[in-house]
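See below for the structure under consideration.
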Protein chains: 2
Amino acid sequence: MQTALATAGLVPVFATALPNRAVAQAAIPRAEARGEVRRTYVADAEIFAEGDRATTFYKVVSGVVRTYKLLSDGRRQIDAFHLPGDIFGVEAGEEHRFNAEAVTATRLAVHRREPRALAGDDGLLARDVVAAMMRSLERAQDHMLLLGRKSAKERIASFLLGLSQRMACRGTAMELPMSRTDIADHLGLTVESVSRAVTQLERDGLIELPPNRRAVILRDVAALDDLAE
Amino acid sequence: MQTALATAGLVPVFATALPNRAVAQAAIPRAEARGEVRRTYVADAEIFAEGDRATTFYKVVSGVVRTYKLLSDGRRQIDAFHLPGDIFGVEAGEEHRFNAEAVTATRLAVHRREPRALAGDDGLLARDVVAAMMRSLERAQDHMLLLGRKSAKERIASFLLGLSQRMACRGTAMELPMSRTDIADHLGLTVESVSRAVTQLERDGLIELPPNRRAVILRDVAALDDLAE
DNA sequence: CGTTCTATTGAAGAGTATCAAGCCAAGTGG
DNA sequence: CCACTTGGCTTGATACTCTTCAATAGAACG
């Protein structure tokens, strides 16, 4: 159901085709010169699916992307959310090993996968890709510690802290781009457990949420750090 | 306590210093020519610790290595076991981000970290390192699915299947190099839960264990695959 | 202003953790 | 060669965290 909806929502568009996007248009010549193409996706649009041929990889220009794996009975694990600047979809083999969808309206830079690009004869981009992989690996390792050994409250604290650092929202409210379901599937919990842990952190005064609950202010970063360990 | 013991057990030795090791000795000239050094570790010896300067990385020659992270209260997450041929200890930054210890008596090839080795101007080794990182990342992603979404029984099934593939023990009994505690800390469970799940798989006829319980025969791979999904 | 979607809250239940013995194999010293 | 010890594995009883199922509340949208 989710996949069907996502597939239906797939709207890949070249930025040049969009009229009201002066900044993007200005950027096109340079981008195209680098052999780079831009695509736009609406929220929940599929970017690629497990098993798809991995002829390209992606860099987030704006918006947020989730990558995830599914078990046959539908259990989902979101391995990462990708924010602007992040590279994702790089594969060692021929096929994509997980699914990728836009969380919000998203613009991506699409890079054709050159055999030499990965090995690294080719300067800047290859270096970026390797660095991005290292960062992915580091995040995955931290996330395994979270999934294997942290309580629900600790998971939420870690998640909010990590997100706030990556989203660069100094002191002010941080918008949560993803739903509670997405957070749950990222943290190895249920929606209800996420909701309860968030509420409890709020009651304890560590965080504060607006009425619509889709943003967070970190009130006591020290205490959150302590929880996240 | 564990760390103290491990540190005490640290026995780095150059292979040339060992008399009864004809094969290793024969290999030395080639290895040394590649700027490579070999070291031997006893079981539970520390290889490096979180925060150590990451001037070298390692390739397992024989034996098994565990890499892990700790929370301040001692909870441990083993992110991976490294078998012969595996590369570990590669870092993006200056410091090691986790701990590494020998699980069994282990021989390692130690590589000095060259700035260019990671970037990839330098052919074979760099390519190996990048490939090793990709494999680490893929395993980490699979492991996040396990930790986030699988039951105890499913985790054990996945673990045993993965290990049997990597250890290449066609049909016969597979020795388990690591303790139940190590398995538990890898799978995000307790020792008791590991023991119970193993016993249950045995009762169900999917696996078979000798009296000392440190080896496994996979009796019904199809059923195990089904569980692992 | 109702409809819909998401988030929250409540009650009950499942699965795993915790605490505590007990068991078994391997090693030790008499 | 055999008690004795030791360390790892298993088993049992109980507790607890998180899940599941169900209902309510609240915001967004037409």
Side-chain angles (χ1 to χ4, degrees), chain A residues 1-2 5-6 9 42-44 71 73-77 103-105 146-157 159-160 175-203 207-216 227, chain B residues 1-2 5-6 9 43-44 71 73-77 103-104 146-157 159-160 175-203 207-216 227:
Chain A
M1 195 177 82
Q2 178 154 238
L5 194 153
V42 298
D44 296 319
L71 293 177
D73 63 357
R75 281 175 285 177
R76 183 177 71 153
Q77 178 64 40
V103 174
T104 63
L146 179 150
L147 293 171
R149 289 300 178 217
K150 290 186 185 174
S151 70
K153 215 162 140 185
E154 292 168 341
R155 292 179 199 206
I156 297 293
F159 174 69
L160 293 178
E175 294 290 327
L176 293 177
M178 68 291 287
S179 70
R180 294 295 190 267
T181 305
D182 281 351
I183 297 174
D185 285 349
H186 182 48
L187 301 183
L189 299 169
T190 59
V191 197
E192 295 91 334
S193 291
V194 170
S195 183
R196 279 185 247 270
V198 167
T199 302
Q200 199 172 353
L201 288 177
E202 190 180 21
R203 289 219 184 94
I207 60 176
E208 197 180 325
L209 286 84
N212 79 354
R213 319 247 88 197
R214 288 298 286 250
V216 185
L227 262 180
Chain B
M1 197 175 79
Q2 178 153 240
L5 194 154
D44 296 320
L71 293 176
D73 64 356
R75 279 175 286 176
R76 183 177 70 154
Q77 178 64 38
V103 174
T104 62
L146 178 149
L147 292 172
R149 289 299 178 215
K150 290 185 185 175
S151 71
K153 214 161 140 185
E154 291 168 343
R155 291 178 199 208
I156 297 292
F159 174 70
L160 292 178
E175 294 290 328
L176 293 177
M178 68 291 288
S179 69
R180 295 294 190 270
T181 305
D182 280 352
I183 297 174
D185 285 349
H186 182 48
L187 301 183
L189 300 169
T190 59
V191 195
E192 295 93 333
S193 291
V194 170
S195 184
R196 279 186 245 270
V198 167
T199 302
Q200 200 171 354
L201 289 177
E202 190 180 21
R203 288 218 186 93
I207 60 176
E208 197 179 324
L209 285 85
N212 78 357
R213 320 244 89 201
R214 287 297 287 249
V216 186
L227 261 180

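The model shown is predicted, which means the values in this text are computed figures rather than measured ones. Below, chains carry the letters A, B, ... as their sequence lines are ordered, and counting in each starts from 1.
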Between [X] and [N], is there a side-chain N or O to OP1/OP2 distance below 4.0 Å?
X       : N       : result
R180(A) : dT8(C)  : yes
T190(B) : dT18(C) : no
S195(B) : dT11(D) : no
N212(B) : dG8(D)  : no

- [ ] Could you check R196(B) against T181(B) and say which one's nearest nucleotide on DNA chain D is further toward the 5' end?
- [x]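 Result: T181(B).
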Open item on the list: How long is the straight-line distance from CG of L146(A) back to CG of L147(B), given to the nearest 0.5 Å?
Closed with: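 So the gap between those two atoms works out to 10.0 Å.
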In whole angstrom, give the distance that lies between atom [atom1] of [X] and atom [atom2] of [N].
X       : N       : atom1 : atom2 : result
R214(A) : dG26(D) : CZ    : C1'   : 14 Å
D73(A)  : dT19(D) : CG    : C1'   : 15 Å
R75(B)  : dT18(C) : CZ    : C1'   : 14 Å
K150(B) : dT16(C) : NZ    : C1'   : 18 Å
L189(B) : dC16(D) : CG    : P     : 21 Å
L147(A) : dT17(D) : CG    : P     : 19 Å
E202(A) : dT9(C)  : CD    : P     : 8 Å
Q200(A) : dT17(D) : CD    : P     : 10 Å

- [ ] Return the nearest nucleotide to the side chain of R213(A); candidates are dT8(C), dC18(D), dT10(D).
- [x]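 From the listed options, dT8(C) comes nearest.
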Task: Nucleotide nearest E192(B) (side chain, heavy atoms from C-beta), chosen from dT10(D), dG8(D), dC19(C) - done: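 The closest nucleotide is dC19(C).
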- [ ] State, to 0.1 Å, how close V198(A) and I207(A) come at their nearest heavy-atom pair, and which atoms those are.
- [x]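 Answer, listing the atom of V198(A) first, then I207(A): O-CD1, 3.7 Å.
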TODO: Identify the heavy atoms of A197(A) and I156(A) that sit nearest to each other, and give their distance.
DONE: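 So the two residues come closest at CB-CG1, 3.6 Å.
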TODO: Would you kindly compare R149(A) and P211(B) by the position of their nearest DNA chain C nucleotide and give the one closer to the 5′ end?
DONE: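 Between the two, 5'-proximity favours R149(A).
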TODO: Determine the contact category for T199(B): base if any of its heavy atoms lies under 4.0 Å from a base atom, sugar-phosphate if only primed atoms, P, OP1 or OP2 are that close, otherwise nothing.
DONE: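 Result for T199(B) = sugar-phosphate.
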Open item on the list: Within the 4.5 Å heavy-atom criterion, are R180(A) and R213(A) side-chain neighbours or not?
Closed with: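 Yes, their side chains come closer than 4.5 Å.
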Task: Side-chain heavy-atom pair Q77(A), L71(A) within 4.5 angstrom cut-off - done: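 The answer is no; the side chains never approach within 4.5 Å.
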